[in-house]
Amino acid sequence: MQLDLTLDVKIIYLTEAFSGEIMLEKEQKSLLNNVTKTTTVTNTGDAVGVSDGRFWCVGIVNCRNEKKVAERVAQAGYEVYLPLRSEVHFWSQGRRRNVETVVISSRLFVHVTEKERLQILNEHLGVLRYMTNIAAADTTLGRKPIAHIPDTQMKQMQLMLDNSSSSVDFSELRFVKGEKVRIMCGPLKDLEGIIKYDSQGKARIYVAIDSLGSFSTEIDATDVEKL
């Protein structure tokens with residue numbers, strides 16, 4: 001299937017499910033044998049199970065190679081989301097250009113089943129490994145489990161990244177103190193997060209992502225209501 005993939009706008013790569021069969025490494029085969037055809041995804045927080053067992057996880061890739069890897073993963077038939085933001089770069093002689101840059105270095109999000117997660121590694125598409133949940137107990141293999149990102153958090157993050165009129169910043173700070181609010185109007189309507197004010201009184205809203213960090217963007221404080 002020929003895909004038209006462009007990276008000069010914020011994008012979500014949505015493609016058909018992978019249909020090929022591949023040979024897996026011995027350890028991967030052992031893991032796949034324990035995966036049923038329909039799996040309920042369970043996780044702490046508000047993650048919601050889906051009938052096909054898909055969940056969001058974070059793939060780790062080489063720095064400055066995020067866009068190429070995202071394109072390869074999408075072309076191979078997997079759903080991938082690469083957070084981007086628009087920046088104005090100034091060049092010599094007063095020239096300027098809008099450039100889409102990666103929000104989180106060396107990270108991208110994939111929406112996959114457990115079998116597909118392993119297949120992405122086996123196909124050598126550029127994903128080196130996956131972020132693990134360091135706070136969880138070890139698996140039967142003696143490793144930390146893969147971190148699952150709750151669906152509701154992904155939707156909130158995408159709402160912010162795809163609709164914010166201000167630049168979106170990422171921080172590894174996962175716990176933000178402040179009042180929980182919901183935006184009532186504008187392009188970020190229904191976005192929920194933590195509101196904080198800087199020294200100049202400007203407001204920012206923070207959306208936390210489990211095991212990863214938080215995204216924030218500047219907002220008008222008059223557009224929010226307390227939760």
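Given the structure is predicted, the values throughout are model-derived calculations rather than measurements.
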Residues clustered with Tyr206, ILVMFWY side-chain links under 4.5 angstrom: Leu173, Val176, Ile194

Qualifying residue, where the test is side chain to side chain contact (heavy atoms under 4.5 Å, CB included) with Arg85 and the options are Val99, Val103, Val102: Val103

Evaluation steps, side chain to side chain contact (heavy atoms under 4.5 Å, CB included), between Asn65 and Arg72: CA-CA 11 Å; Asn65 204 33; Arg72 290 193 206 115; 4.2 Å; yes

Inter- and intrachain pairs under salt bridge (charged side-chain N to carboxylate O under 4.0 Å, His left out), touching residues 183-203, at least two apart: Arg182-Glu192

Partners passing salt bridge (Lys or Arg N to Asp or Glu O under 4.0 Å) against Lys144 (at least two apart in sequence or in another chain): Asp138

Main-chain N/O of Leu118 paired to Asn122 side chain as donor or acceptor, under 3.5 Å: no

Derivation of the side chain to side chain contact (heavy atoms under 4.5 Å, CB included) call for Met157 and Phe109: CA-CA 11 Å; Met157 180 191 72; Phe109 297 86; 3.8 Å; yes

Stepwise side chain to side chain contact (heavy atoms under 4.5 Å, CB included) check, Ile195 with Ile219: CA-CA 9 Å; Ile195 191 171; Ile219 60 169; 4.2 Å; yes

Backbone of Met154 reached by a side-chain donor or acceptor of Gln156 within 3.5 Å: no

Salt-bridge criterion met for Arg54 and Glu116 (N-O under 4.0 Å): yes

Side-chain ion pair, Arg117 and Glu114, N-O less than 4.0 Å: yes

Side-chain heavy-atom pair Leu188, Thr217 within 4.5 angstrom cut-off: yes

Distance in Å, Asn62 CG paired with Ser106 OG, rounded so as to fall on 0.5 Å steps: 7.0 Å

